[in-house]
Amino acid sequence: MSERSIGTRCVQGGYTPGNGEPRQIPIIQSTTFKYDTSEDMGRLFDLEASGYFYTRLQNPTNDYVAAKIAELEGGTAGMLTGSGQAANFFALFNVCENGSHIVASSSIYGGTFNLISVTMAKMGIDVTFVSPDASEDELDAAFKDNTRAMFGETIANPALTVLDIEKFARVAHRHGVPLIVDNTFPTPVGCRPFEWGADIVTHSTTKYMDGHGAAVGGAIVDSGNFDWMAHADKFPGLCTPDESYHGITYAGKFGQGGAFITKCTAQLMRDFGCIQSPQNAFLLNLGLESLHVRMPRHVENGQAVAEFLARQPGVVHVSYPGLESDKYHEIALKYLNGGGCGVVSFEIEGGRKAAESFMKKLKLAVIETHVADARTCCLNPATSTHRQMTDEQLAAAGIPAGLIRISCGLEDPADLIGRFG
Ligand SMILES: *Cc1c(COP(=O)(O)O)cnc(C)c1O
């Protein structure tokens, strides 16, 4: 299946019904699964056989959809989580423990920044943030003996910086750790980070993958390319026996292509229980079936709105990697076919007041704390998500009070621009 083009994988990947079976992925709305003998079930618990016993760990509907996402990314194994936050936490915590250190791009989603810098710090996991524009020498300098992962976002939410994946992968591998890339904004239709050296990819499927603002969810995919055993001293969780699973060594038993996701399911999903509901997995799959048709339209609308805004006298600055003038355009040509996604941010002249009055005049776009769905939405961080901050604090954080983020939906671009004009 993975030789098929990306569009065919969107439509048909992950699930192939047998004779007389449902054409659409069935929703297995069951917490548990029945077995004839205790021995049958015992083999599942020992990870000697694969199968289902309790939906907190695994569910067939989720596995069909995870298999599709793994195919889309070109990976060896995948899993769904209840949210993008859970996906990033699991991906990092699967290789870290108390005393570990992470090197992360500073240009990432606010929720992930908090997760790493506040919550994971409480677990004894330390972080060094680096600029996505840092030189290889500067990136090298951020690594320590206890570094276990490097992390970044292909297109950062909301800064719209573009990650030089090859550079980050080269540095991570030089230090014997995997590069984990959150590929939420481009989706595998826009960029497949494994083709550039990333080892693990994560998603907030809540965004374009679902694409309709219907279901919160996340996903993790393993490329199967990282040789855990070659760095066994760094990754005891993958390379030494797990006493909570009868002494199984994941990298030995499940190999390079299966170890990461099996450990993540068997340990982290078992203990944290952030499973995606099968209903949501079904809705996510409906979104995935049209992802390759929708993404080009989001990019086209983003480009049209960015170009329009760049011509307006009342606009101080527009960030969109598809604009030739954008700082990241060169990198976007390499990794994203010169485009971006549907998200554009711009700064309006006149700061907070001007932004507030702009937001009041919106007709088609609505005010929402969301991005990446079919309907265009807008957010002014200074008067919403960041309203506790002063103009000075906002400027220091690189979020001017007049900054507006637009997530261009699937409407007709002429209507979008008409309404903004
Ligand atoms: C939204 C988002 C997340 C968090 O995802 P949730 O599904 O809201 O938990 C993580 N990373 C990126 C890039 C996001 O845009």
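All ligand and atom numbering here is 1-based and tracks the order in the structure.
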**Report entry** Salt-bridge criterion met for E368 and R375 (N-O under 4.0 Å)
**Finding:** no

Next on the checklist: Strictly below 4.0 Å, N to O, side chains only: are K207 and D373 in salt-bridge contact?
Outcome noted: no

Paired with T376, the side-chain contact (heavy atoms from CB on, under 4.5 Å) test is passed by just one of L364, L362, I406, namely I406

Item to complete: Report, as yes or no, whether the 6.0 Å neighbourhood of atom CG on D145 holds more than 12 heavy atoms from other residues, nucleotides or ligands.
Response: no

Give every pair formed by an N or O atom of ligand 1 and a protein N or O atom closer than 3.5 Å, one pair per line with both atom names and the distance to 0.1 Å, or write none.
unit_1	atom_1	unit_2	atom_2	d
ligand 1	5 (O)	S204	OG	3.0
ligand 1	7 (O)	G84	N	2.9
ligand 1	7 (O)	S204	OG	2.8
ligand 1	7 (O)	T206	OG1	2.6
ligand 1	9 (O)	G84	N	3.1
ligand 1	9 (O)	Q85	N	2.9
ligand 1	11 (N)	D182	OD2	2.7
ligand 1	15 (O)	N157	ND2	2.8
ligand 1	15 (O)	K207	NZ	2.6

**Salt-bridge contact K68-E71 (side-chain N to carboxylate O under 4.0 Å)** = no

field: Lys/Arg-Asp/Glu bridge criterion (N-O < 4.0 Å) met for R148, E97
entry: no

